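Numbers restart at 1 for each chain; the letters A, B, ... are given by sequence-line order, proteins then strands. Just so it is clear, the structure is predicted and the values come from calculations on it, not from any experiment.
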Amino acid sequence: MKKAVVSVFLSAAIITSFASCGKKQGGTRETDENTLSYWVAMPPSIVSQFKSLNELPMYQELEKRTGVHIDFIHPPTGQVNEQFSLMLASKDYPDMIEASWVIYPGGQAKAIKDNVIIPLNDIMPKCAPDAWGKITGNPLFDRLSKTDDGDYYMFPYLNDSNFRIFGGLMLRADWLKELNLSVPTTIDEWETVLTAFKEKKGATAPFTAQSALVNGSYSVNAFNGAFDVGKRIYVDDGEVKFGPMEDSYKDWLTLMNKWYKTGLLDVDYATNDSSAVISKMSNGEAGATFGFVGGTLGPLLQIMEDKDPNFDLVAAPYLSKNNDGKPGFAALESDVVDSGSLVITTACSNPELAAKWANNFYTEDGEKLRSFGVENESYTVDEDNQIKFTDEILNNENGVSVVEMAQRYARTAEACPGYGSQKNMENLYEQIYKYDRQIEAFGLWSEATDSAREHLFPAITAVSDEADEFSALNIEICTYLDEMIFKFVNGTEPLENFDQFRENLKKLNVERYIEIQSNAYKKFLER
Amino acid sequence: MTKKTVQQKNNNSFFLNVKKELYNNRYLYILMIPVLLYYILFCYAPMTGIVIAFKDYQISEGILGSKWVGLKYFKEFFSGMFFTRTLRNTIMISVYDIVFGFPLPVIFALLLNEINNLKYKKIVQTVTYLPHFISMVVICGMIVDFFSRDGVITRLLTLFGFENINYMSDARYFRSIYVGTGIWQGFGWNSIIYIAAISGIDQQLYEAAEIDGAKKIRKVWHITIPGISDTIILMLILRLGSVLSIGAEKVILLYNAGTYETADIISSYVYRTGIGGARYSYSSAVGLFQSVVNFIILIAANGISKKIKGNSLF
């Protein structure tokens, strides 16, 4: 009998635990009329600090101002794309979604056609006049913020400043000085400098990098600029081109191979992660790298401040063909960053309210809120109307960087819905970046903005009916490319086989691949 | 009460109708419900999703609404450039793993059985289990570090005259590293079932053998191994049933452009196309192919074992 009682009790326990599970799940969505649900990936920098963006002072302040409560839904870190697809497949949409719509098969236009998101052509001018004004007021913003069919569908991140290039080449200024060399601006000069680093300074990996130096990532354009060729898809004179199919691509590859063989390029570049790069730069194994203002330059200067007072890093300009000062390729951020776009879904019962709420990020107050946080909490305004972060943020005792501290109040320096004006961004970056070298690097790299923009392929996807075909081609070609480029650089595959490699690419239908992107680009230009 | 039920069942089980059976063992059946539900909900119901392998699945249309395309995606995979390579890599890694990884836990269990010092035995067992409990992500992080140019293992290897390179970016070493670390992580844990089987062997057999003058090796050969042979065969059949399905996560965490050639397996390919490229139908087709091959091998292995050994899984 005892056994029976126990078994009944256990089954009951299991069943109720199932039941309570279901109840909890169903209860998360409230239907209060002043509540909107908002799906967004947690910014990686604050994942360890906050459970939800609801706890971020910026959103709390906004709730106070608007009376609208936002119910944030965050996918688990590291599963953002999977969760995004799952959410769409389940058809249980939140009211608003902030995500990159380029990964939606068929792109944004398809998402509207599929009844996932709503076009904002009518709602935006009426309910979000500030956002509407900012978007339509700038032809570049305008074109990037709508679909091929002319539907405005998102509240984008509009970067209206010169701060668009956050990464570039950098090298040891103290070594340069010691060796009596100047900052290199051509491939030959780079070779001289790196050779000197290797021979005279004992650097075992004079130029260190991550695998992005040669493979996929668009943002890392270190030396290909000198050959006037993009690593992947780019635009040249209105024509869509694919780097590996261009002749100058082989010249660039030959150089990388030569540097690899002669030991100028870090032989472990393919497996380095960002911390490996930082450690090699700080212990003198490497003297130069491709890095970012906030992610590489700042941390390195900070780490070395106490360890080696002589340590100094200086930015080098982007390289250009014939050294004409017009570098065609840089780590250029698009004018409208797709990843930070906010859309309203068809599930939203009150799109007007959502649009009104989102409009707040495009007003002057909203811009301050988004970048600097809450007045008197995270920033103060002085007599000259200058915004300044509080001491707690600027001079943090725990060694947390300014930007990380600021991000505990607002979505500072993040590509998220909103507007960034030149004036505010300048002020922001001057405060965020502690070292003059960082500001200097910013200025130097930014000189490439205009010439690099000419080659920038916008964040667009293949047109709907070509989407699946493109996706198939994209994966096969990228895998093959990543692998072969790596082999060409380290010499496992001799460069004589380059033509064979190109033939194989053609077998993988690279021509169709380019054509699809070219079609998408044409449609984009017609917008 | 339990005793009574059993008796009743034995006496006239033939005439008991289902209703009575259910009533009499109602508590057992109630206990079974959650398990049954689990299998129906999480194993059988999702299986119907396989149909998307034969459809052009669109998120907006749903599984039922999408267009039928027949074997389009299977054809695409078989004629694709990566078919032979991923298949070869998958089989190679799996075969290595079976050849080198399968006997080890058995040998380990046999050795452990011969240790008389209980305390020492317990310590050895615990230490060998430990790696099993470390998360795969951590294990892979360790592997990448240890086999990099300045890694602990690379340094050890150079002492023995191996070249000082980054072993993680050299395609020649990927399989050895993958299989070797897999064995290291799993052999202690996998030996549990054999240790349990050994402890189930009748001690009288050993005593009888001793009286007959058998030495240790003889006893192992004639008593222990035959005693656990059923378990070994069972485990081998189960292992053969997953020849083509190697978990993708370890490969994904370890491979890079330099090792694609030997490292890219079917599951990592499915991951890249399905999750990375949002090609659900295509990756379902590839995954289905993988499962079907596994199923055929499982049936074949089972059949062979039935013929030769007379015992089998089903």
Side-chain angles (χ1 to χ4, degrees), chain A residues 1 3-8 10-12 14-15 17-18 79 81-82 84-85 88-91 103-106 110-111 113-116 204 211 214-216 267-273 276 467-468 470-472 474-476 478-487 489-490 492 504 507-508, chain B residues 1-2 26-35 37-38 41 56-63 73 76 80-82 85 137 141 144-145 147-150 165-172 254-261 263-264 268-269 271-283:
Chain A
M1 194 59 214
K3 236 180 190 170
V5 172
V6 171
S7 65
V8 168
L10 277 179
S11 340
I14 290 165
I15 290 163
S17 68
F18 270 122
Q79 300 177 15
N81 285 4
E82 288 94 322
F84 179 74
S85 303
L88 294 170
S90 74
K91 298 193 189 258
I103 65 166
Y104 187 83
K110 184 85 192 317
K113 221 164 71 192
D114 287 347
N115 259 331
V116 181
T204 49
S211 62
V214 295
N215 73 18
V267 284
D268 290 330
Y269 80 92
T271 45
N272 281 345
D273 55 11
D468 189 56
F470 175 75
S471 182
N474 189 34
I475 287 162
E476 311 262 289
C478 288
T479 309
Y480 182 65
L481 206 61
D482 281 349
E483 187 181 337
M484 290 308 287
I485 300 309
F486 177 81
K487 287 183 178 169
V489 172
N490 74 7
T492 2
N504 285 341
K507 269 186 221 149
L508 285 174
Chain B
M1 191 188 97
T2 338
R26 57 189 179 282
Y27 300 120
L28 291 178
Y29 282 105
I30 290 173
L31 263 182
M32 223 174 87
I33 289 173
V35 181
L37 273 180
Y38 170 83
L41 279 178
D56 178 15
Y57 175 66
Q58 299 287 325
I59 291 178
S60 52
E61 310 284 334
I63 292 176
Y73 292 110
E76 191 185 327
M81 188 171 164
F82 294 106
R85 189 171 86 176
V137 181
V144 170
D145 273 350
F147 284 96
S148 71
R149 193 174 299 268
D150 313 314
I165 54 165
N166 185 344
Y167 284 91
M168 289 320 293
S169 58
D170 195 318
R172 286 173 298 169
L254 290 180
Y255 74 176
N256 54 51
T259 49
Y260 277 166
E261 194 181 326
D264 197 14
S268 57
Y269 181 68
Y271 174 83
R272 279 208 312 281
T273 44
I275 309 287
R279 302 194 67 214
Y280 305 112
S281 286
Y282 180 68
S283 49

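- Within the 4.5 angstrom heavy-atom criterion, only side-chain atoms of B:Tyr73, from C-beta onward, approach chain A.
- Side-chain contact between B:Arg149 and A:Val267 is present, with heavy atoms from C-beta onward closer than 4.5 Å.
- Residue contact with chain B, scored on non-hydrogen atoms closer than 4.5 Å, involves the backbone and the side chain of A:Tyr480 alike.
- For a residue to count as touching a neighbouring chain, one of its non-hydrogen atoms must lie under 4.5 Å from one of that chain's; by this rule B:Glu76 touches chain A with the side chain only.
- Residue contact with chain B, scored on non-hydrogen atoms closer than 4.5 Å, involves the backbone and the side chain of A:Leu88 alike.
- For A:Leu481, no part sits under 4.5 Å from any heavy atom of chain B, backbone or side chain.
- With a threshold of 4.5 angstrom between heavy atoms, A:Thr492 does not approach chain B through any atom at all.
- For A:Ala276, no part lies under 4.5 angstrom from a heavy atom of chain B.
- Closest heavy-atom contact between A:Asp482 and B:Ala257: O-CB, 3.4 Å.
- Residue A:Lys110 touches chain B through its side chain alone, counting heavy-atom pairs closer than 4.5 Å.
- In this structure, a donor-acceptor pair under 3.5 Å is present between the side chains of B:Tyr280 and A:Ser85.
- Counting all heavy atoms, side chain and backbone alike, B:Arg272 lies closest to A:Ile475 at O-CD1, 3.7 Å.
- Looking at A:Lys113, there are no atoms closer than 4.5 Å to chain B (heavy atoms on both sides), in backbone or side chain.
- For the set A:Asp268, A:Leu508, A:Asn115, A:Asn504, the entry with the most heavy-atom pairs within less than 4.5 Å of chain B is A:Asp268.
- Considering all non-hydrogen atoms of both residues, A:Glu476 and B:Met81 come closest at OE1-N, 4.3 Å.
- Among residues two or more places apart in sequence or in another chain, the side-chain hydrogen bond (donor to acceptor under 3.5 Å, both in side chains) test is passed with A:Thr204 by none.
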